[in-house]
Asks: 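Right, I'll just put the structure down here and ask away after.
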2 protein chains.
Amino acid sequence: MKNSTSYYAKILSEKGLKASHQRIMVLDYLDSHRCHPTADMILSALKQDMPTLSKSTVYKTLNAFVDANLLREITIEDNEIRYEYNLMDHGHFKCESCGQVYDFTIDFGLLKTKDLDGFQINDRNIYFKGVCKSCLDNEQNNV
Amino acid sequence: MKNSTSYYAKILSEKGLKASHQRIMVLDYLDSHRCHPTADMILSALKQDMPTLSKSTVYKTLNAFVDANLLREITIEDNEIRYEYNLMDHGHFKCESCGQVYDFTIDFGLLKTKDLDGFQINDRNIYFKGVCKSCLDNEQNNV
DNA sequence: GTTCCTGCAAAAGCTTTGCAGAAGA
DNA sequence: TCTTCTGCAAAGCTTTTGCAGGAAC
């Protein structure tokens, strides 16, 4: 656990959410790991310590967190929603070989276009796909 | 129909795909409308002229087109894949009010980051969300 | 004591698959 | 003629919903 239970409980109550054990565990997981898991990955990871945790609780928890602006949803592939506890502007890279999602910094101020003059922009997303350095290195070693 | 049947038939055979009536209709629809439909939208539109067209044919056709690099898949929301017949680099804006997807031009050359040095980038996507000009104007008129 | 949350099971959506008949090359 | 495609039905996945019991405040 990266921070104390009361630390996460405070965050939750500030957002008007009850600080249940399950919610604290989910929030802690996302804060500690800083990865980009799907709902199913979170469930699998937390089931080890909470065998009774249910899939629907994980889904409801994540949706509540997104509604409360505590998490961001990431949509790279159509068949999976990923979540992250990092509200700073940044881009995502998904490796087509190993499936891992990497963050990268990017200057969103450069993303200007006249085509959207008069539009209200609420959310900006960038994602790349390709092969990560680690997979490329492995390929070379195996050839 | 924007172009002739033989025009689309040629495109298909160049990609090694048989030029069936259904495939020509799907390709023509995407070329003529230049919108960002889901598989279901395409099915609904084409059913008027082809009542026997089946959902699985539309899905198989779209997947075959994507594999042949004839179309691009767009993933903005998790619960819907959209398709477009426009392989040029550009961004997408989805209006959270009316649901319409707009294209916008953007200089992808500006998207440089040191965080991905050594990575192989195959695909770059940008999408914004917000409220489009037309919905904003309507809001003002109704207040 | 209320209100909100959890967990089970069932339902809902979208997408894929298997297979027999039909159409394209 | 041979290969590939279509369309129906069924299956597969992820996500959502309804509801009764339980936990938080």
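Sequence lines set the chain letters: A, B, ... in the order given, protein chains first and strands last, and positions in each chain run from 1.
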Asks: Within a 6.0 Å radius of atom NZ on A:Lys15, are there more than 12 heavy atoms belonging to other residues, nucleotides or ligands?
Replies: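 Yes.
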Asks: Output yes when at least one side-chain N/O atom of A:Gln22 is less than 4.0 Å from OP1 or OP2 of D:dA23, else no.
Replies: no
Asks: In the hydrophobic cluster built from side-chain contacts under 4.5 Å, what are the other members alongside B:Ile121?
Replies: A:Phe93, A:Tyr102, A:Phe104, A:Ile106, A:Phe108, A:Leu111, A:Leu116, A:Phe119, A:Ile121, A:Ile126, A:Phe128, B:Phe93, B:Tyr102, B:Phe104, B:Ile106, B:Phe108, B:Leu111, B:Leu116, B:Phe119, B:Ile126, B:Phe128
Asks: Write down the distance between NZ (B:Lys47) and C1' (D:dT6), rounded to a whole number of angstrom.
Replies: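 Atom-to-atom, B:Lys47 to D:dT6, this comes out as 13 Å.
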Asks: Write down the distance between CG (B:Leu12) and P (D:dT4), rounded to a whole number of angstrom.
Replies: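 To the nearest whole Å, that distance equals 16 Å.
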Asks: Strictly below 4.0 Å: does B:Ser54 bring a side-chain N or O up to OP1 or OP2 of D:dT6?
Replies: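 No, B:Ser54 has no side-chain N/O under 4.0 Å of OP1/OP2 on D:dT6.
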Asks: At under 4.0 Å between heavy atoms, which parts of nucleotides 16-25 of chain C does protein reach? Answer with one letter per nucleotide, 5' to 3': B base, S sugar-phosphate only, - none.
Replies: BBBB----BS
Asks: Using atom CE of B:Met25 as one end and atom P of D:dT6 as the other, report the distance to the nearest whole Å.
Replies: 13 Å
Asks: Listed by chain and number, what are the side-chain hydrogen bond (donor to acceptor under 3.5 Å, both in side chains) partners of A:Asp89, not counting sequence neighbours?
Replies: none
Asks: Select from A:Asn79 and A:Ala9 the residue whose nearest nucleotide in DNA chain D is closer to the 5' end of that strand.
Replies: A:Asn79
Asks: Atom CD of A:Glu80 to atom P of C:dT15: distance rounded to whole Å?
Replies: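 Interatomic distance, CD of A:Glu80 to P of C:dT15: 15 Å.
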Asks: According to salt bridge (charged side-chain N to carboxylate O under 4.0 Å, His left out), who are the partners of B:Asp137, at least two apart in sequence or on a separate chain?
Replies: B:Lys133
Asks: Under the side chain to side chain donor-acceptor pair (under 3.5 Å) rule, what pairs show up with a residue in residues 37-47 of chain A, not counting sequence neighbours?
Replies: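 Checked against side chain to side chain donor-acceptor pair (under 3.5 Å) - neighbours excluded - the pairs reaching residues 37-47 of chain A are A:Asp40-A:Lys55.
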Asks: Quick test: give all pairs of protein nitrogen or oxygen and nucleotides 10-13 of chain D nitrogen or oxygen below 3.5 Å, distance rounded to 0.1 Å.
Replies:
none

Asks: Holding to side-chain hydrogen bond (donor to acceptor under 3.5 Å, both in side chains), I want the full list of residues that pass it with B:Ser56, two or more places apart in sequence or in another chain.
Replies: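 Per chain and number, B:Ser56 pairs via side-chain hydrogen bond (donor to acceptor under 3.5 Å, both in side chains) with B:Ser54.
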Asks: Please report the end-to-end axis angle for the helix from C:dG1-D:dC25 to C:dA25-D:dT1, five pairs per end, rounded to 10 degrees.
Replies: 40°
Asks: With sequence neighbours excluded, give me every salt bridge (Lys or Arg N to Asp or Glu O under 4.0 Å) pair touching residues 61-75 of chain A.
Replies: A:Arg72-A:Asp123
Asks: Atom CG of A:Leu53 and atom C1' of D:dA23: how far apart are they, to the nearest Å?
Replies: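 Atom CG in A:Leu53 sits about 15 Å away from atom C1' in D:dA23.
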Asks: Taking only residues two or more places apart in sequence, or in another chain, which ones meet B:Ser32 in a side-chain hydrogen bond (donor to acceptor under 3.5 Å, both in side chains)?
Replies: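 With sequence neighbours excluded, B:Ser32 shows a side-chain hydrogen bond (donor to acceptor under 3.5 Å, both in side chains) to B:Asp28, given in chain and number order.
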Asks: Taking CD in B:Gln48 as the centre, count heavy atoms belonging to other residues, nucleotides or ligands within less than 6.0 Å. Is the count above 12?
Replies: no
Asks: In chain order, what residues pass the side-chain hydrogen bond (donor to acceptor under 3.5 Å, both in side chains) check against A:Gln120, with sequence neighbours excluded?
Replies: A:Asn122
Asks: Return each pair, listed once, that meets salt bridge (Lys or Arg N to Asp or Glu O under 4.0 Å) where at least one residue sits in residues 108-122 of chain B; pairs must be two or more places apart or across chains.
Replies: none
Asks: Just how far, in rounded Å, is C1' of C:dC8 from CG of A:Leu43?
Replies: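 About 13 Å, once rounded to whole Å.
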Asks: Atom CG of A:Leu62 and atom P of D:dT14: how far apart are they, to the nearest Å?
Replies: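 Nearest whole value for this atom pair: 15 Å.
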